[in-house]
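Have a look at the structure below before the remarks.
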Amino acid sequence: MNLSILKSDKKNLNSFIGAGSALIFVGFIDIILSSFFSTNITAFLPNKISYLTPLLFGLFGLYLIRIEFSGNKLLDKVNTNFNSSNFNALLTLLVIFALIKYIPPLLNWFVFDANFAGNTKEDCTSGGACWVFVKVWLNRFVYGLYPDTEQWRINTAFLTLFLLVGASFFVPQKFKKYIIIFLLFVYPIIGLKLISGGDFGLKYVETGAWGGLSLTFIVSAFALILCFPIGTILALGRRSKLPAIRYTSIGFIELWRGVPLITVLFMSAVMFPMFLPDGTYVDKLIRVLIAITLFEAAYMAEVVRGGLQALPKGQYEAAKSLGMGYWKMHFLIILPQALKLVIPGIANTFLALVKDTPLIFVVGLLELAGMVNLAKTNPKWLGMAMEGYVFAGLVFWVICYVMSRYSQNLEKKLKTER
Amino acid sequence: MSKIIELKNVNKWFDKFQALKDINLEVNQQEKIVICGPSGSGKSTLIRCINRLEEHQDGQIIVDGKEISENTKDLEKIRAEVGMVFQQFNLFPHLSILDNCTLAPIWVKKMPKKDAEELAMKNLERVQIADQAKKFPGQLSGGQQQRSALARALCMEPKIMLFDEPTSALDPEMIKEVLDAMVDLAKAGMTMIVVTHEMGFAKEVADNMIFMDEGKIVEKAKTKDFFENPKSDRTKLFLSQIL
């Protein structure tokens, strides 16, 4: 039998496109009917074959329309990008069918069948997500157990922070320096004092009551700002010629990298106070901040060291030959280049840090994920774990995505080579 | 003329390999010396010892009356007086050409920014690259980069200039522009020690020639004598191969 009639070519282009498209269309109808209307048009076939029919129709259809240089722009685009071989055609179909099958149920759960109105669990009746839970608990998710009447202090602190950061992007270069110095060295103290209170007529709020998203931000921001310089110094220390400094740095880095964060936090909560003289007390939030900072600094050190090692020896020699000493050489020549090289690695460490903050639950501090965890065990709201964690996950994703985009922009902005 | 560099019985080892063997050398102010020799003969090591990018293990190196040793504070002062141009340019890629030139004067010599920029433009003018001052090193050709590197070194107003194969990494057509800048500098009276294979340049500029092989100075002679009647057979062989 001569099968050449089945081999598509340009002469009978239109009939092949027609036949191919029809087959693909049938495949799509089949999958749509079976996913949304539970009707199987090929039910007369054996079970296994009938399951695969949409794929078979689609594959054969795509095979028929695979015509090289057909002259039809759309067809050529489809063929080169989605349909260049039988295997690629199969992958294309699988992806499209999977999307058709699984996206709508997800959307239904998230939006169409979801419940937004009401104030109790009983208002959630339609089977989709119960966003009422998030709505009711939102205040706690953001502020933790911070007293309602004092929440303006957190708002003010963060609003000022965002305004200052925003301003640092728009003010002229000359003032930028001062804003950044203020942000790094002065503002953290003011902000913390505002939130913790105790002076200036502000009511004292103990750190155990802090929580939710605002605590996530506080812990992340402090750890980020502090772990970066410490990590950089450790990285330089590890490459120092002086054995005492070098071995101290190596020991420090390897010690902190070698233990899980959760044990470090546990130690900071339980063991650290035992080493303090009687009567002295270090707030547990401070202990946690120090623990996370040192832990992440060890990782940061290795990232920065990677950048230092990537620089050609000639850069060090050129700096030395111009009469620069160790610190001038590193701050003017080496670090600006090395840090630029490792922006992706730094961003990586920062993202990991933000996502590590939920672990502070081991010392009883409840940031966003911790508050969700607490809320879902409330007897009135049992069974809301899914909604809570999806919400927390989305918030973390947004934070991390913003950071990731910022790091990419920074990379582009600082790129001067070629 | 007074001595500005003096090397006495300098020895240097890389682990067990002896890179420099009993080097004795005196360089007077405004003297131009060209060092040549086969690769691995220690020429680069020799000039890198003069500003202590390499450490010598034995002997004395005295630059401008100060001995080069472990004493770091002095070392930075000496390095500030000894300019160096590298084979691979080693410009700072994160800074513009102008910033490359002003950085060390501002931070090492504490020069006000405005003066440093004036000085930088003067030196960039001198190597005919002033119009590229705002560009970054990555945007320039090899020859332009090397001339910028020369200008950067000159901005420290050094008493001595060291050149470590300055044209070896360049395309042939760019060699001339760099050599021209070096000839100008020589004519202006700079003390120069140049490691190079450019014999045309050596004949035009050098007062004395040094031929090195296996870590030793095989021959040191006036330029004319060196090329016209070299004494040692090794020098003759080398010259016959490269001329």
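What's counted below: heavy atoms across the whole structure, side chains too, no hydrogens, waters or symmetry copies. Numbered from 1 within each chain, the chains take letters A, B, ... in sequence-line order.
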Report task. Mind checking the NZ-CD1 spacing from A:K328 to B:I106? Nearest 0.5 Å is all I need. Result -> 12.0 Å
Report summary line: Taken to the nearest 0.5 Å, the spacing of A:F331 CZ from B:W107 CH2 works out to 10.5 Å
Going by heavy atoms in the side chains, are [X] and [Y] under 4.5 Å from each other?
X      : Y      : value
A:Q315 : B:F92  : yes
B:Q88  : A:P312 : no
B:L103 : A:L322 : no

For the pair [X] (side chain) and [Y] (backbone), establish whether a donor and an acceptor sit closer than 3.5 Å, ignoring hydrogens and angles.
X     : Y      : value
B:N51 : A:S321 : no
B:E76 : A:K320 : no
B:H94 : A:L332 : yes

Answer with side chain, backbone, both or neither: which region of [X] has an atom nearer than 4.5 Å to a non-hydrogen atom of chain A?
X      : answer
B:F86  : side chain
B:I78  : neither
B:V108 : both

Is it true that, when you exclude [X] itself, more than 12 heavy atoms of the residues, nucleotides or ligands shown sit nearer than 6.0 Å to its [atom1]?
X      : atom1 : answer
B:K109 : NZ    : yes
B:K66  : NZ    : yes
A:F170 : CZ    : no
A:E302 : CD    : yes
A:Y178 : OH    : no

**Report entry** Salt bridge flag under 4.0 Å for residues A:E317 and B:R48
**Finding:** yes
